[in-house]
Amino acid sequence: MTPHDDPFHDCELDPEAILETHTFEDVLFTDETEIPVNMLTGETPAHSQATVEEAKEFAASIDSDAPQIALPASVETQIETQSKPYTSAAFFHFKATGSLERHRAYHAAYYSDAFTVDFEADYESGNLTITVDRADES
């Protein structure tokens with residue numbers, strides 16, 4: 001196998017680091033996501049009012065090769081850009097998985113025929129669960 005045939009050739013982590021099931025807690029947009037409040041009026045700005053259903057629909061509407069999830073936007077971003085309290089990203093995005101190394105490894109596995117990759121986004125708890133198996137074992 002040449003380095004370019006190996007989907008992990010430029011990854012810091014090997015497949016063993018992401019095989020099986022891993023849960024990333026409190027990484028998704030939820031009804032509990034922090035939103036800004038105008039200190040003078042005590043009200044939430046209109047652009048920051050959103051539901052989980054809106055966030056899920058937004059993420060699903062993104063035209064991408066990889067399935068998207070809804071992640072919380074920081075309060076600072078919401079204020080500075082007057083944006084919604086969520087953003088979308090590929091389900092293996094480093095903001096969800098906690099590191100660029102994991103992001104790259106999940107990305108490599110997802111786009112490789114050698115692995116099966118499934119995920120579950122639980123917007124009630126905010127948890128993201130990703131399961132990776134070798135394709136010949138599933």
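What's counted below: heavy atoms across the whole structure, side chains too, no hydrogens, waters or symmetry copies. Quick note: residue numbers are just sequence positions, from 1.
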Within one Ile-Leu-Val-Met-Phe-Trp-Tyr cluster: Y123 and F24, side-chain cutoff 4.5 Å: yes
Any H93 side-chain heavy atom under 4.5 Å of T97 side chain: no
Donor-acceptor contact below 3.5 Å, side chain N127 vs main chain D26: yes
Test item: T129 and T21 side chains (from C-beta on) under 4.5 Å apart, heavy atoms: yes
Expected output: side-chain T33 to main-chain F29 donor-acceptor under 3.5 Å: no
Qualifying salt bridge (Lys or Arg N to Asp or Glu O under 4.0 Å) pairs, either residue in residues 57-85, two or more places apart: none
Atom CD of E124: over 12 foreign heavy atoms under 6.0 Å: no
Verdict with supporting geometry, L19 and D133, side chain to side chain contact (heavy atoms under 4.5 Å, CB included): CA-CA 6 Å; L19 283 174; D133 292 308; 5.5 Å; no
Atom pair OG1 (T87) and NZ (K95), whose distance is rounded to the nearest 0.5 Å: 6.5 Å
Plane angle bin for H107 and H103 - parallel if under 30°, tilted between 30 and 60°, otherwise perpendicular: parallel
S88 side, atom OG; I69 side, atom CD1 - distance, nearest 0.5 Å: 9.0 Å
Joint cluster assignment, I35 & V75, ILVMFWY side-chain distance < 4.5 Å: no
Pairing residues for S48 by the side-chain hydrogen bond (donor to acceptor under 3.5 Å, both in side chains) criterion, not counting sequence neighbours: Q78
Contact check, side chains of P72 and L28, non-hydrogen atoms, under 4.5 Å: no
Closest non-hydrogen atom pair, L71 against A89: CD1-CB, 3.7 Å
For the student: nearest non-hydrogen atoms of T30 and G126, plus distance: CG2-CA, 3.4 Å
Distance flag, aromatic centroids of F92 and Y106, threshold under 6.0 Å: no
Other residues, nucleotides, ligands: >12 heavy atoms within 6.0 Å of E32 CD: no
Backbone N/O of F58 and side chain of S61: donor-acceptor pair under 3.5 Å: yes
Over 12 foreign heavy atoms within 6.0 Å of CD, Q49: yes
Euclidean distance, L128 CG relative to D122 CG, rounded to 0.5 Å: 10.0 Å
Plane angle bin for F119 and F91 - parallel if under 30°, tilted between 30 and 60°, otherwise perpendicular: parallel
Y110-F94 co-clustered via ILVMFWY side chain contacts under 4.5 Å: no
Any donor-acceptor N/O pair, Q68 side chain to A66 backbone, under 3.5 Å: yes
Minimal non-hydrogen separation, L13 against A105, with atom names: CB-CB, 4.2 Å
Salt bridge present between R134 and E16 (N-O < 4.0 angstrom): yes
Side chain to side chain, E20 and V132, heavy atoms closer than 4.5 Å: no
F115 vs I18 side-chain heavy atoms within contact, under 4.5 Å: no
